[in-house]
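Worksheet: one structure, shown below.
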2 protein chains.
Amino acid sequence: MTFTTRERLITAAFDLFEAQGFDATTVDQITTQAGVGRTTFFRTFGTKEDVLFPHHDEVLARVAARLGTATPGTRAVAVQEAARIVLDHYIAEGEVARRRYRLTSSVPALREREIASVERYRRLFSQHITHWLEGEPDGALRAELTATAVITAHNHVLRQWLRGATTDLPRDFERAMPFALRTLTSETGGQTVVVVSSAPSVEGVVADVRRALARDSAHA
Amino acid sequence: MTFTTRERLITAAFDLFEAQGFDATTVDQITTQAGVGRTTFFRTFGTKEDVLFPHHDEVLARVAARLGTATPGTRAVAVQEAARIVLDHYIAEGEVARRRYRLTSSVPALREREIASVERYRRLFSQHITHWLEGEPDGALRAELTATAVITAHNHVLRQWLRGATTDLPRDFERAMPFALRTLTSETGGQTVVVVSSAPSVEGVVADVRRALARDSAHA
DNA sequence: CGCTAGTACGGTACTGAGTACAGCCACGAT
DNA sequence: ATCGTGGCTGTACTCAGTACCGTACTAGCG
């Protein structure tokens with residue numbers, strides 16, 4: 001079987017980074033090992049860090065597409081499935097994802113790069129949800145909180161899996177996501193109810209709960 | 001009045017970045033303008049980006065100190081006040097903060113740098129809260145969600161202020177933070193009550209609420 | 001006063017990432 | 001056959017960041 005230039009660069013980079021460390025490896029070494037010219041490397045990846053994150057643009061596009069199909073009433077589902085797309089990508093990568101995790105954990109420059117790419121996902125979720133909640137009280141804030149919560153829950157279970165602390169990643173994901181989706185209550189179809197009350201008495205809180213439930217069922 | 005080398009470098013850098021753009025400005029130009037040697041620049045700031053974020057280490061230390069003094073029962077307050085420390089720092093910076101915001105908004109490299117420093121705050125909160133919730137069900141996940149929520153709420157109101165969309169930043173902060181502190185409910189002394197229920201009926205949810213309130217008041 | 005140690009600064013020389021540019025070759029279409 | 005066109009290569013350059021050494025100034029001590 002034959003490999004593309006891109007694939008040969010990626011494997012060469014991974015091997016060298018693991019053998020010598022990221023900083024100690026020069027782009028010249030990578031291109032020599034891959035048997036291509038130096039210019040080709042930078043045309044393909046832009047920066048030395050990017051060679052480790054070669055699929056994010058594509059995954060980002062898939063996530064955006066999924067969020068774009070959400071309709072009122074299916075938004076919580078769309079958010080959850082969109083996050084699931086990212087997770088599935090890591091699962092598909094398998095051992096490659098773990099190799100990258102070991103590298104990003106130990107090299108500060110790579111950590112920063114990874115954080116930046118997480119931020120791109122966060123922004124994508126944030127933009128969509130903000131749009132959905134436009135006009136609602138505290139919509140912008142609630143949207144950002146929901147987006148970060150989804151990303152955080154996703155990253156939490158993903159990291160457990162990358163560390164080898166867990167094996168049933170989909171199950172962990174299903175468990176963690178409801179925490180994250182609290183601020184999208186009216187979307188959850190009554191399965192999970194969240195009420196925030198500042199009432200001073202127990203009966204006041206209960207009244208707030210009944211009010212909230214009545215409002216939610218009126219939406220349904 | 002006399003200025004330290006550090007201060008002269010900072011002002012020179014800000015001026016040049018605003019006049020010519022960040023990428024078009026070389027470290028040589030900054031040091032020439034400030035009247036110091038090139039070596040001094042890198043000894044003082046490490047990287048060209050760092051000159052724009054000169055106080056984060058110190059603020060980070062203050063935040064850590066505040067979180068360290070939290071005791072069971074005062075944790076929600078500690079978290080809120082710790083976030084407030086960061087906010088107050090920006091308020092004290094005043095126009096400098098806005099100048100930096102304009103730069104970070106337009107230059108990708110600076111945006112990444114800023115995101116990375118936000119992540120440092122997030123980690124700090126996360127570490128403390130994780131420690132507090134050790135042993136509780138889903139403690140690690142809830143801790144991360146709380147930390148990110150606090151950071152998100154903080155950043156949300158801060159950004160409004162930096163954009164000039166609001167003037168009463170402390171008030172916005174007080175309003176936004178309760179959203180973020182939802183997952184620290186048992187700490188809020190009853191002022192904010194959050195209940196997550198999966199009960200299939202209204203009465204079931206209400207029963208869950210009463211149970212949760214009973215449990216919380218037993219803690220008090 | 002001389003001596004010493006620490007601290008802040010400066011200069012030189014180097015590595016290596018990233019850019020600009022010009023050229024080359026294989027290919028498919030007309 | 002030739003004419004793009006897309007993927008590849010080499011050369012030369014800028015500039016951030018590092019290593020190393022030398023130099024002033026100050027503080028403290030005999």
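Note on naming: letters A, B, ... go to the chains in the order of the sequence lines (proteins, then strands), and numbering restarts at 1 for each one.
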May I ask you to verify if any side-chain N or O of A/Thr40 is less than 4.0 angstrom from the OP1 or OP2 atom of D/dC8?
no
Using only side-chain N and O atoms of A/Thr5, determine if any of them is under 4.0 Å from OP1 or OP2 of D/dC8.
yes
Ring centroids only, cut at 6.0 angstrom: are B/Tyr121 and B/Phe125 within range, meaning strictly under it?
no
Counterpart residues, salt bridge (Lys or Arg N to Asp or Glu O under 4.0 Å), relative to A/Asp23 (two or more places apart)
none
Output one letter per nucleotide in nucleotides 13-26 of chain D: B when a protein non-hydrogen atom lies under 4.0 Å from the base, S when only the sugar-phosphate is that close, - when neither is.
--SBBB--------
Enclosure of A/Arg171 CZ (heavy-atom neighbours >12, cutoff 6.0 Å)
no
Atom-to-atom span, CZ of A/Arg8 to C1' of D/dT9 - whole angstrom
14 Å
A/Arg113 CZ - C/dA17 P separation (whole Å)
16 Å
Residue list, salt bridge (Lys or Arg N to Asp or Glu O under 4.0 Å) with B/Arg159, at least two apart or on another chain:
A/Glu144
Specify the separation, in whole Å, of atom CZ of B/Phe45 and atom P of C/dA8.
14 Å
Between CD of A/Gln20 and C1' of C/dG16 the distance, given in whole Å, is 14 Å
A/Ser105 side chain to A/Tyr101 backbone, donor-acceptor under 3.5 Å
yes
Rounded to the nearest Å, what distance is computed from the CZ atom of residue B/Phe22 to the C1' atom of nucleotide C/dG18?
14 Å
Around atom CZ of A/Arg62, are there more than 12 heavy atoms of other residues, nucleotides or ligands at under 6.0 Å?
yes
Nearest whole angstrom, please: distance from the P of C/dA17 to the CG of A/Leu16.
12 Å
